[in-house]
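Okay, so here's the structure we're looking at.
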Amino acid sequence: MPSVTETLDLEGGITILDVGCSSGAWNMASEYPNCIYHGCDIVDVTYKNVDVKQFTFSLGNVTNRLPYEDNTFDFVHMRLFVTCLRKDEWPTAISEVIRVTKPGGMIQLGEFDLQPQNDSSSLYYRILSFKDVTCDMSSDTYTVKMFIWDNLEVIKSMRRVLDSMLGIHNQKDLISFLKEYKHDLETKESVVGFAAVTVQKL
């Protein structure tokens, strides 16, 4: 996120909001310890084994009114909402993200790569910024642990949709699948495409 690091003083410390924070895995406290982090989601599934003193969780729904005052955050991050929001909910969600961002602050929306055609004349192609980032999944880093934990939680939270596709019929099947999936994430190469759009509030 070079546009964010070039514009905002993350080293000195800013206020950051992660909308739909889920486990809280995204927060960058280890990289930027002087920042103050807030996360909100419709349920509290934050990862309790990680003690981040400068992270505050609040219940909040971006399609309603987020529990923050106008112009509160220097940087607002929102990711993986394409599967969460209906088309008619997006204008409200975007308005809320803009509302809680300070003038001059940055907003970043990220989604799994939807594979746009490599056509530079396409506006869709041009607004997406791609960056290849590699991560050694066999390493024992905080980022890897959180990525794996998030992936396992996604499977658990989407059981109603995924059970029949994955052959999960009961709790024993789920435990067996999660164990095998965790092993694959830790030992096999995987490629995930991710697209992000970053803008500055005027």
Side-chain angles (χ1 to χ4, degrees), residues 1 16-32 37-64 66 76-87 89-90 93 108-116 128 130-197:
M1 47 182 212
I16 297 174
L17 172 64
D18 185 13
V19 178
C21 67
S22 184
S23 68
W26 176 83
N27 93 66
M28 307 174 295
S30 58
E31 293 176 83
Y32 301 104
Y37 298 90
H38 292 261
C40 69
D41 212 322
I42 57 174
V43 293
D44 184 0
V45 292
T46 50
Y47 191 61
K48 303 299 189 275
N49 292 340
V50 177
D51 181 24
V52 180
K53 291 181 174 45
Q54 67 269 41
F55 178 78
T56 303
F57 175 81
S58 300
L59 288 173
N61 185 338
V62 74
T63 62
N64 202 336
L66 291 173
V76 178
H77 175 264
M78 187 169 114
R79 74 190 182 292
L80 307 180
F81 269 76
V82 76
T83 59
C84 302
L85 300 181
R86 296 186 310 267
K87 183 178 179 181
E89 292 176 318
W90 276 98
Q108 184 176 69
L109 305 179
E111 297 295 340
F112 285 117
D113 181 4
L114 301 177
Q115 298 297 325
L128 296 179
F130 298 91
K131 181 173 181 178
D132 291 330
V133 179
T134 58
C135 181
D136 180 1
M137 294 303 291
S138 64
S139 68
D140 196 32
T141 63
Y142 172 80
T143 301
V144 167
K145 288 178 182 176
M146 293 296 92
F147 180 80
I148 291 172
W149 187 88
D150 261 356
N151 272 268
L152 299 178
E153 290 302 308
V154 164
I155 298 297
K156 292 178 194 176
S157 68
M158 295 183 64
R159 284 194 59 194
R160 185 177 297 174
V161 176
L162 296 178
D163 274 6
S164 61
M165 294 168 49
L166 300 174
I168 297 171
H169 306 290
N170 52 47
Q171 189 66 18
K172 184 178 177 183
D173 289 346
L174 176 66
I175 291 168
S176 176
F177 178 84
L178 291 176
K179 183 177 179 182
E180 183 180 354
Y181 185 45
K182 182 175 186 288
H183 179 264
D184 278 3
L185 287 171
E186 292 171 337
T187 60
K188 296 183 179 177
E189 183 177 17
S190 301
V191 177
V192 177
F194 200 75
V197 176

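The residues of the chain are indexed from 1 along the displayed sequence.
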Original post:
For F57 and D44, what are the C-alpha separation, side-chain angles and deciding distance, and is it a side-chain contact (heavy atoms from CB on, under 4.5 Å)?
Top reply: CA-CA 8 Å; F57 175 81; D44 184 0; 3.5 Å; yes
Subject >> Intermediate values then yes/no, side-chain contact (heavy atoms from CB on, under 4.5 Å), V19 and F81 >> reply: CA-CA 10 Å; V19 178; F81 269 76; 4.0 Å; yes
**OP:** Go through the steps to decide whether L17 and H77 satisfy the test side-chain contact (heavy atoms from CB on, under 4.5 Å), and finish with yes or no.
**Re:** CA-CA 6 Å; L17 172 64; H77 175 264; over 6 Å; no
Original post:
Does the side-chain contact (heavy atoms from CB on, under 4.5 Å) test come out yes or no for L66 and C40, once each step is laid out?
Top reply: CA-CA 8 Å; L66 291 173; C40 69; 3.7 Å; yes
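Between the E180 side chain and the F177 main chain, no donor and acceptor come within less than 3.5 Å of each other. When atom types are taken as modelled, the side chain of S176 and the backbone of K172 share no donor-acceptor pair closer than 3.5 angstrom.
For the pair I155 and L178, the minimum side-chain heavy-atom distance is below 4.5 Å. Side-chain contact between F55 and C21 is present, with heavy atoms from C-beta onward closer than 4.5 Å. Between L152 and I148 the shortest side-chain heavy-atom distance falls below 4.5 Å. With a 4.5 Å cut-off on side-chain heavy atoms, M78 and D18 do not count as touching.
Atom CG of L166 is separated from atom CG of D173 by 10.5 Å, given to the nearest 0.5 angstrom.
Scanning both residues, Y37 and Y32, for their nearest heavy atoms gives OH-O, 2.9 Å. A pairwise comparison of heavy atoms in E89 and L85 identifies OE1-CA, 3.4 Å as the closest pair.
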